[in-house]
Number of protein chains: 2
Amino acid sequence: MILETAARLFRDKGYSATSMRDLAQAVNLKASSLYNHINGKEDILREICFNNARRFREGLQEIEKNDLRPEDKVRALIRLHIRVATEDITSITAFNDEWRHLTEPYLSEFIDLRRDYEARIRAIIKSGIQEGSFKVYHSHIALYTIISAIRWVYDWYQAGKSISVRQLEDEVAGLLLTGLNVPVNTQIG
Amino acid sequence: MILETAARLFRDKGYSATSMRDLAQAVNLKASSLYNHINGKEDILREICFNNARRFREGLQEIEKNDLRPEDKVRALIRLHIRVATEDITSITAFNDEWRHLTEPYLSEFIDLRRDYEARIRAIIKSGIQEGSFKVYHSHIALYTIISAIRWVYDWYQAGKSISVRQLEDEVAGLLLTGLNVPVNTQIG
DNA sequence: CCTACCGATCGGTAGG
DNA sequence: CCTACCGATCGGTAGG
């Protein structure tokens, strides 16, 4: 309860601008009583950040285990990000925006986790380039363009609106894998 | 000088976690002396946010003025975001991450500007879909996938590294317009 | 541009 | 779980 409420406040006001008194009031406690449940403010942030990092890491591990073509791994990765984001949209926002308020040694640990995650995605992209199924780009550019595109889904996708999660997955994957443009030889105009 | 320094601090620590004393020290003043140059802390944030909003708005206006095919407008838009981000990478970070700390009525004004900006990009995408040069997606999905992909370039692009701005523009545009995948009929494997 | 200072609020603790 | 309270720090002002 405290964690979920904190995630919502962190999302709405940011970590630094959320006081322990804000959080206490939101869960109907006095500020001092919070310390029977947690050790300090940063504990909460730490939990949110590393919980979500684990969700992504486990999802990626699952993708790597299966023997898929690079294209299908990227597709699965897009699905993973959309699923994680839509399942717990509040805490994922805090995770994405507020991790930099972690202090050492947790900050470095978090950055290392992220670096490892990105390196593994880069390996997928590189293998696709090598076997000729992906176009030849700088893997750095392809990596971050794709990650950026899918990292912020929670920011604009309104669950329950006219677009289903399935449509969302298919269209984002379609756009990133085959592009916005209609190929010239099949074009109407 | 104050604005540039503040943008850097906001980027590194966040708006809320940056104190006027931090800023004063960074420009070799006492905190109270800052108020001879600015009216208050939020003044600085406001300036950063609306300055950058204007840069994007003017860039988009330029793109709209020229009679380009939708595909080339999207290409120009990608170039615009990359150019803006690489020209002033510090203040663009503060702009992207800290605008929500604006208070009313500026917060609403800022959100309205952004909404208008996005609506105009959506119009470009819709026109491309209508004339058959873009694949048929929900314009909502295409819009935000593309915007997300290009909004965070500053976050990962290291100027001066092995990749030039020109290569960056070409590859990001290539990826978003024609996709990561090699078309099946030209595939090697 | 500074010193001196304001009331408010911060994260957190003592003690019950 | 609470009341009471800590020292530190906040954005900002008065006055020169």
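Letters A, B, ... are given to chains in the order of the sequence lines, protein chains preceding strands, and every chain is numbered from 1. Please read all numbers here as calculations on a predicted model, not as lab measurements.
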Inset, instruction - State yes or no: are the ring centers of B/H81 and B/F56 separated by less than 6.0 Å? - result: yes

Inset, instruction - Would you mind classifying the nucleic acid contact of B/T18 as base, sugar-phosphate or nothing, using non-hydrogen atoms under 4.0 angstrom? - result: sugar-phosphate

Legend entry - Closest nucleotide among C/dG11, C/dC1, C/dC5 to the B/R21 side chain: C/dC5

Inset, instruction - Just compare C/dC10, D/dC1, D/dG12 and give me whichever is closest to any side-chain atom of B/M20. - result: D/dG12

To the nearest Å, how far apart are [X] [atom1] and [N] [atom2]?
| X | N | atom1 | atom2 | result |
| --- | --- | --- | --- | --- |
| A/E42 | C/dC10 | CD | C1' | 16 Å |
| B/K41 | D/dG12 | NZ | P | 8 Å |
| B/K13 | D/dT9 | NZ | P | 12 Å |
| A/L23 | C/dC10 | CG | P | 12 Å |

Inset, instruction - Report yes if at least one side-chain N or O of B/S19 is closer than 4.0 Å to OP1 or OP2 of D/dT9; otherwise report no. - result: no

Inset, instruction - State, without any angle test, whether A/S19 and A/D22 hold a side-chain donor-acceptor pair at a distance under 3.5 Å. - result: yes

Inset, instruction - Would you please say whether a donor-acceptor pair under 3.5 Å links the side chains of A/N52 and A/S91? - result: yes

Legend entry - Partner nucleotide of C/dG7 by Watson-Crick or wobble geometry (both distances under 3.5 Å): D/dC10

Inset, instruction - Return the nucleotide paired to C/dG15: Watson-Crick means purine N1 to pyrimidine N3 with N6-O4 or O6-N4, wobble means G-U with N1-O2 and O6-N3, both under 3.5 Å. - result: D/dC2

Legend entry - Residue mapping more 5' on DNA chain D - nearest nucleotide basis, B/N36 or B/N39: B/N39

Inset, instruction - Give, ordered by number, those residues of residues 26-35 of chain B having at least one heavy-atom distance below 4.0 Å to an atom of DNA chain D; if nothing qualifies, reply none. - result: B/S32, B/Y35

Legend entry - Lys/Arg N to Asp/Glu carboxylate O, A/E4 vs A/R8, below 4.0 Å: no

Inset, instruction - May I ask you to decide whether A/E62 forms a salt bridge with A/K65, counting only side-chain N to carboxylate O separations under 4.0 Å? - result: yes

Inset, instruction - Check the pair B/L176, B/V74 against side-chain contact (heavy atoms from CB on, under 4.5 Å), reporting the backbone distance first and the verdict last. - result: CA-CA 9 Å; B/L176 292 175; B/V74 169; 5.8 Å; no

Inset, instruction - Over 60° means perpendicular and under 30° means parallel, so classify the ring planes of A/F95 and A/F110, tilted if in between. - result: perpendicular

